[in-house]
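Note sheet for the following structure.
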Amino acid sequence: MAEFTPVLVLFAIIAVLMTSFGTAYFLLRNKLKKTEHTRNVSDKVLIKRLLGYAKPYAGTFVLVLVIMLVSVAYDILSPILVGDMEEMIKEKFELNDLLIKVGLYAGILIVSMVSMYLQTMMLQKVGQKILSDLREDVFSHIEKLSHAQLNEIPVGKLVTRVTNDTNGICNLFTNVLVTFVKNCMVLVGVFAAMLFENIAMTLIVACVIPIVFIFTAIFQSFSRNAHRNVTDCRTELNTFLSENLSGIKITQIFNREDKKMEEFLERSTALRKAKSQRMLVYGFFRPSVYLLHIGCVMCLFYFGSRGYLENTEFLGQTITSGTIVTFYLFSSKFFNPIQTLSEHFDVMQSAFASAEKIFTILDMVPQVVDEPDAIELPEIKGEIEFKDVWFAYKPDEWVLQGVSFHIAPRQTVAFVGSTGSGKTTILSLICRNYDIQKGQILIDGIDIKKIKISSLRRHFGQMLQDVFIFSGDIRSNILLRKEGVSDEEVMEACRYVNADSFINRLEKGLDEPVRERGNNFSAGQRQLLSFARTIVHKPSVMILDEATANIDTETELLIQDSLERMKNIGTMLIVAHRLSTIQHADNIILLSHGKIIEQGNHQELLHLKGKYYNLYTLQYSKQQLEGK
């Protein structure tokens, strides 16, 4: 029994260390609770969906696996060759025989290195293509979501899904999956080679395998939550940055830099702690496997040396010095893939955590979609009718209640009323940014739900109070969705809305650079660009939602002149608080609490001396006072 004391001491040390690691890990697991919005999707389901993106490149992956067999052969044959050389050196040998085996070893090594280079290059190219496909799918799906759905998701979260999360999945295809297959092949091949070389020594290694699998299972079960926490914290940080960097001017105006820095540090610290927890989880697994590796090597040396010195046999096999060298190298070839698998599990769990987030977005069903029998509408006259329309953003909180009206083609109709009365909502419903709960909306006598959304919106031109200008140049912002338009046509549209008055003064004209959100132009200039953008697309229905609210008097006069010209293009719908801007409208609809309370032209409503009369009188008196 005394002869086994070293082995017993070794395993006692391993047991103590493993117990310490395990205790520390299970104390940590309480901090790795699942987040409220975590989806419990199995690895099998995620892999199946992710492999769908790899399917078009199946031929490349098969070729990579064939090339990979060369490097697998090196991992299996190299220990055997080194062991043979040990046997040759121990006895008398011919130098030529040794050189032949050294040359064979070098040849296998070179071929293996070349195959690994080819494998890496092919996987990187395919991985980038898959990444591009996935990123395009996510972005395309986000574009299909309704306004209500987009309002519920912070922009920073969407940015994280399209960038960080897709990058995390890219590593799965460029490195993990194929290398995972290779390591499994190496494990099987090396174990078979060990059995062929010496069964007794192989059984020593086999004793450690169940322990390795137990720790692998434990690691996998807890690693996912650690990666979820990192992904959630990163998303929170990106969302915070996206919002606060966009509104940093407001932060400076109200002198809240210190407060925002505290909030940033709070989120940054949460991300750091989440990453630290993930590192602790990972730091438990790899040292454990390495400890088992060292223990296995020591047992191989101990029992192998005793067997060699005592010249013992097991099932007719003896242990030689070459056998010991071969198994020492085999142990490295066997445990290195297991340790690499731990890294792969780390990347894999990170990719799965990212995949859950991405598929959460991809699984969101757009609330506003085309009906199966929806039609294309080549052109429209601009006749609009609301029939007993009811709409609510939230259940039972009606914004519109039984609204009905008719707009004839080429009419100019204005919607007025207090904030929250439903003016902007009506304009959004006409473009089908939202779907109504009850009633019917008709364009040229056709229910808008029977018209394809892209076809419907193609005929609308919207000019909003908060004009969004993209970075680029003036030309690209005016054209936006239309191609094949000459610069002369663009400038003609600009002249039509008086935008040429400032464009001609710019050094580069239409090529003048536009910074983010157009912050190198005034509010009035941005509004004129939005008018030109609308005109160049020749819409049949124009929508102006408080388009003159944030501009100076001089620019307002230019816009008023533009509006008079634009009335000749098609149907015009206007929302305005300044009643002076809508006096010449063909019809004015006054809304209150989602209901139409007055309707008629300016003079007719004044004669009624109702709500509209009171609003107009109040604004007129205020203007008179300001004029004095």
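The figures here come from the full heavy-atom set of this structure, side chains too, leaving out hydrogens, waters and symmetry mates.
Salt-bridge check for Asp370 with Lys449: failed, with every basic side-chain N at 4.0 Å or more from each acidic carboxylate O. Glu379 has no carboxylate O lying under 4.0 Å from a charged side-chain N of Arg458, or vice versa, which leaves the two without a salt bridge. Salt bridge Lys157/Asp232: absent, no basic N to carboxylate O contact under 4.0 Å.
Rounding to the nearest 0.5 Å places CZ of Arg135 at 14.5 Å from OG of Ser140. Here the straight-line distance linking atom CD of Glu385 with atom CD of Gln440 works out to 8.0 Å at 0.5 Å rounding. One finds the CG atom of Leu69 at 9.5 Å from the OG atom of Ser115 (value rounded to the nearest 0.5 Å). To the nearest 0.5 angstrom, Leu271 atom CG is 6.0 Å from Cys233 atom SG. In this structure, CG in Leu123 is found 9.0 Å from OG1 in Thr60, a value given to the nearest 0.5 Å.
With no hydrogens or angles considered, no side-chain donor-acceptor pair links Asn477 and Arg526 at under 3.5 Å. A side-chain N or O of Gln527 and one of Ser530 form a donor-acceptor pair less than 3.5 Å apart. Inspection of the Trp398 and Asp396 side chains reveals no N or O donor paired with an N or O acceptor under 3.5 Å. Asp388 and Ser404 are not linked by any side-chain donor-acceptor pair at a separation below 3.5 angstrom, with hydrogens and angles left out of the test. In this model, no donor atom of one side chain and acceptor atom of the other lie less than 3.5 Å apart for Tyr393 and Asn151.
With hydrogens and angles disregarded, no donor-acceptor distance shorter than 3.5 Å links the side chain of His141 to the backbone of Val365. With hydrogens and angles ignored, the 3.5 Å screen pairs no side-chain donor or acceptor of Glu143 with any backbone N or O of Val138. Checked by atom type and distance alone, the side chain of Gln367 never pairs as donor or acceptor with a backbone atom of Leu145 at under 3.5 Å. Arg432 contributes a side-chain N or O that, together with a main-chain N or O of Val369, makes up a donor-acceptor pair within less than 3.5 Å. Panel note: side chain Gln149, backbone Ser146; a donor-acceptor pair is recorded below 3.5 Å. At distances below 3.5 Å, not a single donor-acceptor pair connects side-chain atoms of Ser455 with backbone N or O atoms of Glu376. Although no hydrogens or angles enter the test, the distance criterion places no donor-acceptor pair under 3.5 Å between the side chain of His537 and the main chain of Ala532. Side chain of Asn520 to main chain of Pro513: a donor-acceptor pair is present (N/O by atom type, distance under 3.5 Å, no hydrogens or angles). Looking at His459, its side chain does come within 3.5 Å of a backbone N or O of Leu377 through a donor-acceptor pair.
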Working note: Lys423 + Asp545, criterion salt bridge (Lys or Arg N to Asp or Glu O under 4.0 Å); need CA distance, chi angles, decisive distance, verdict.
CA-CA 9 Å; Lys423 307 182 299 297; Asp545 189 358; over 6 Å; no
Kindly indicate, with the supporting measurements, whether the criterion side chain to side chain donor-acceptor pair (under 3.5 Å) is fulfilled by Thr235 and Asn238.
CA-CA 5 Å; Thr235 299; Asn238 286 345; 6.0 Å; no
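Environment of CD in Gln437: crowded, with over 12 heavy atoms of neighbouring residues, nucleotides or ligands closer than 6.0 Å.
Shown here for Thr166 and Val162, the closest heavy-atom pair between the two residues is OG1-O, 2.6 Å. Of all non-hydrogen atoms in Ile361 and Arg161, the two that sit nearest each other are CG1-CG, 3.9 Å.
Taking the six-membered ring where tryptophan is involved, the planes of Phe405 and Phe386 are essentially parallel, since the angle between them stays under 30° and well short of 60°.
The closest side-chain heavy-atom distance from Ile474 to Ile478 is below 4.5 Å. Within the 4.5 Å cutoff, no side-chain heavy atoms of Tyr53 are placed close to those of Ile169. Looking only at side-chain heavy atoms (C-beta outward), Ile448 and Ile430 stay at 4.5 Å or farther from each other. Side-chain contact between Glu257 and Met261: absent, with no pair of heavy atoms (C-beta onward) separated by less than 4.5 Å. Inter-residue side-chain proximity for Arg533 and Ile469 is flagged as met; some heavy-atom pair is nearer than 4.5 Å. Two residues are said to be in side-chain contact when any heavy atoms from C-beta on lie closer than 4.5 Å; Phe264 and Leu241 meet this criterion.
Qualifying side chain to side chain donor-acceptor pair (under 3.5 Å) partners for Lys450, counting only residues two or more places apart in sequence or in other chains: Asp373. Every residue was checked against the ring-ring contact (aromatic ring centres under 6.0 Å, His included) condition with Tyr117, not counting sequence neighbours, and none meets it.
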